Amino acid sequence: MRRAWPDTMKIVPSDITPYEKYLSRRTLLAGGLGLAAAAGLSGLTRTAQAQTATGAALTYTHNAEYSVTDPPNSFKDISTYNNYYEFGTDKSDPSENAQKFQTRPWTVVIGGECEAPGTLALDDLLKPHPLEERIYRMRCVEAWSMIVPWVGFPLADLIKRFKPTSKAKYVEFKTLMDPKQMPGERGSVLDWPYTEGLRMDEAMNPLAFMTVGLYGKVLPNQNGAPLRLITPWKYGFKGIKAIVSLRFVERMPVTTWAKSAPSEYGFYANVNPAVDHPRWSQATERHIGSSLFDQRRPTLPFNGYANQVASLYTGMDLKTYF
Ligand SMILES: Nc1nc2c(c(=O)[nH]1)N[C@H]1C(S)=C(S)[C@@H](COP(=O)(O)O)O[C@H]1N2
Ligand SMILES: [Mo]
């Protein structure tokens, strides 16, 4: 099926991010963490990570090295303008339809080519990983963009625990299959469950991020709770939500959008202003909420992260491997 990505909902840019307010609150939190660390309260991170309710405060440190300094979009923009076809195809559907989605108990299965496969309750999976905040540029394949303060931990930290073997060339991710809870999965707009993948070196790149929070709090369901991937140099559809499995594999996984329309959505999906989508230009993007008008800005190679990731693709023709 060849459907246009729906882009019907217009964001009214009325709610400007109270970013100064947010920053000062964050400084307070960071200060609190410092005190706790000084007092030897190493259990604090664990306690915070056990907070599973949407919107519960998380304990984390800000990672300036991996953050852009652009002002983030408002929480409202980020949590009401979503793509999540399990909950509907309109941008406003996920925030309306995902509110009752159950994110606990949640189990993640890790398998395939690795020495230490396992089935873990999400809270046990999260325990060893201290949380950090990263403000990432996000670029959807539909040519809109946002700046988002995610909270999570590097995907590499998770992968290392399961000791992938030399046969592990890719990692495949899958979303929960639960048509009772996810009405979109009762239809055939995509081939369910939503599946994504990364080449192993991409997955181990420090920018690849497993996300559990947004604006310092537990991730809203519509943004992919309880566990979601973010690869900011790639189009947003690589950022699979509600992950229930990781599998180390030898062959390139068949991913959902590449399967749905192979001439339109590639496995790599690196943001590239020089390679247009067959039905629209990727040279510019509409920055959500940035102005009263449909203000476009130029799209950057690898979404501005070329310094960190361009070397992963040395010698590859990015027009062929789009
Ligand atoms: N399981 C699942 N994950 C998904 C999607 C989806 O439909 N289902 N949509 C993708 C697309 S196209 C984008 S642009 C991002 C949107 O993430 P956001 O809603 O947090 O901005 O999620 C990605 N992850
Ligand atoms: Mo997207």
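Along the sequence shown, the residues carry numbers beginning at 1. Since this is a predicted model, take the numbers as computed values, not measurements.
Ring geometry for H129 against F153 counts as parallel: the plane angle stays under 30°, on a 0 to 90° scale with 60° as the upper cut. The aromatic rings of F87 and Y84 sit perpendicular, their planes meeting at an angle over 60°, well past the 30° parallel limit. Classification of the Y136-F209 ring pair by plane angle, with boundaries at 30° and 60°, yields perpendicular.
With respect to the salt-bridge test (charged N to carboxylate O, under 4.0 angstrom), the residues R296 and E285 do not qualify. A salt bridge does not link R247 with E113: every distance from a Lys NZ or Arg NE/NH1/NH2 to an Asp or Glu carboxylate oxygen is 4.0 Å or more. Of the charged side-chain nitrogens involved, none lies within less than 4.0 Å of a carboxylate oxygen, so that D178 and K180 do not count as a salt-bridged pair. One finds a salt bridge joining K91 and E142 here, because a Lys/Arg side-chain nitrogen approaches an Asp/Glu carboxylate oxygen to under 4.0 Å. Between K238 and E196 there is a salt bridge, with a side-chain nitrogen of the basic residue lying less than 4.0 Å from a carboxylate oxygen of the acidic one.
Remark: the backbone N or O of D77 is paired with a side-chain donor or acceptor of S74 at under 3.5 angstrom. No donor-acceptor pair under 3.5 Å is formed between the side chain of Y85 and the backbone N or O of D90. T211 places no side-chain N or O within 3.5 Å of a backbone atom of G213 that could act as its donor or acceptor partner. The closest donor-acceptor contact from the side chain of T175 to the backbone of K241 lies under 3.5 Å. Looking only at distances, a side-chain donor or acceptor of W280 sits under 3.5 Å from a matching main-chain atom of V141. Distance alone, capped at 3.5 Å, is enough to place a donor-acceptor pair between the S67 side chain and the I135 backbone. Using a distance-only test at 3.5 Å, with no hydrogens or angles considered, a donor-acceptor pair links the side chain of N303 to the main chain of P232. With K234 contributing its side chain and Y268 its backbone, the two residues share a donor-acceptor pair below 3.5 Å. Distance alone, capped at 3.5 Å, is enough to place a donor-acceptor pair between the N221 side chain and the A98 backbone. Of the possible donor and acceptor atoms, none in the side chain of E132 sits under 3.5 Å from a partner among the backbone N and O of V151.
By the 6.0 Å contact criterion, CZ on R251 is open, its count of non-hydrogen atoms from other residues, nucleotides or ligands being 12 or less.
Nearest approach of I147 to I78, heavy atoms of both residues: O-CD1, 3.8 Å. Taking all atoms of both residues into account, the shortest heavy-atom contact from A57 to K217 is CA-CG, 4.3 Å. Nearest heavy-atom pair, G184 versus W192, reported as atom, atom and distance to 0.1 Å: O-NE1, 3.1 Å. Smallest separation of non-hydrogen atoms from N270 and Y235: O-CE1, 3.5 Å. Minimum heavy-atom separation, K319 to A274: NZ-O, 4.0 Å. Considering every non-hydrogen atom in both A242 and P226, the closest pair reads CA-CD, 4.5 Å.
If you chain together hydrophobic residues whose side chains sit under 4.5 Å apart, V275 and V309 never meet in one group. Cluster membership check: F322 does not share its hydrophobic cluster with Y313, using side-chain heavy-atom separations under 4.5 Å among Ile, Leu, Val, Met, Phe, Trp and Tyr. The hydrophobic clustering, which links ILVMFWY residues whose side-chain heavy atoms are closer than 4.5 Å, places L300 and W144 apart. Hydrophobic clustering (side-chain heavy atoms under 4.5 Å, transitive across Ile, Leu, Val, Met, Phe, Trp, Tyr) keeps Y194 apart from V109. Neither L229 nor V254 shares a network with the other; the hydrophobic side chains, linked directly or stepwise wherever heavy atoms of I, L, V, M, F, W or Y lie under 4.5 Å apart, form separate groups for each.
For the atom pair CG of N83 and CG of D93, the computed distance is 10.5 Å after rounding to the nearest 0.5 Å. Rounding to the nearest 0.5 Å places CG of L227 at 6.5 Å from CG of L126. Going from atom CZ of R228 over to atom CG of N223 covers 6.5 Å, rounded to the nearest 0.5 Å. Atom CZ of F302 sits about 12.5 Å away from atom OG1 of T231, to the nearest 0.5 Å. For the atom pair L122 CG and K127 NZ, the distance stands at 11.0 Å (nearest 0.5 Å). Note that CG of L155 and CG of L198 are 6.5 Å apart. Values are rounded to the nearest 0.5 Å.
For the residue pair Q99/Q222, the side-chain donor-acceptor check at 3.5 Å is satisfied. If you check the side chains of R137 and S145, you find no donor sitting under 3.5 Å from an acceptor. Using modelled atom types, one finds no donor on one side chain facing an acceptor on the other under 3.5 Å when comparing S245 with K174.
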| request: Decide yes or no on side-chain contact (heavy atoms from CB on, under 4.5 Å) for V244 and W106, but give the supporting numbers first. | output: CA-CA 8 Å; V244 292; W106 192 270; 3.4 Å; yes

| task | Check the pair E264, H277 against side chain to side chain donor-acceptor pair (under 3.5 Å), reporting the backbone distance first and the verdict last. | result | CA-CA 6 Å; E264 302 185 25; H277 184 280; 3.1 Å; yes

| message | Does I230 form a side-chain contact (heavy atoms from CB on, under 4.5 Å) with M210? I'd like the steps, not just the answer. | response | CA-CA 6 Å; I230 299 289; M210 288 304 261; over 6 Å; no

| message | Applying side-chain contact (heavy atoms from CB on, under 4.5 Å) to F162 and L120, what does each step give before you reach the verdict? | response | CA-CA 11 Å; F162 301 97; L120 286 168; 3.7 Å; yes

| field | Chi angles and distances behind the side-chain contact (heavy atoms from CB on, under 4.5 Å) call for L246, E172 | value | CA-CA 6 Å; L246 278 80; E172 177 190 76; over 6 Å; no

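Side-chain contact between V249 and K167 is absent, with no heavy-atom pair separated by less than 4.5 Å. Between P130 and Y60, every side-chain heavy-atom pair lies at or beyond the 4.5 Å cut-off. Side-chain contact check for S260 versus D191: every heavy-atom pair is 4.5 Å or farther apart.
Seen from the ring of Y170, R199 does not count as a face-on cation partner, given the 6.0 Å and 45° thresholds.
For W257 and Y265, the ring centers are positioned less than 6.0 Å apart.
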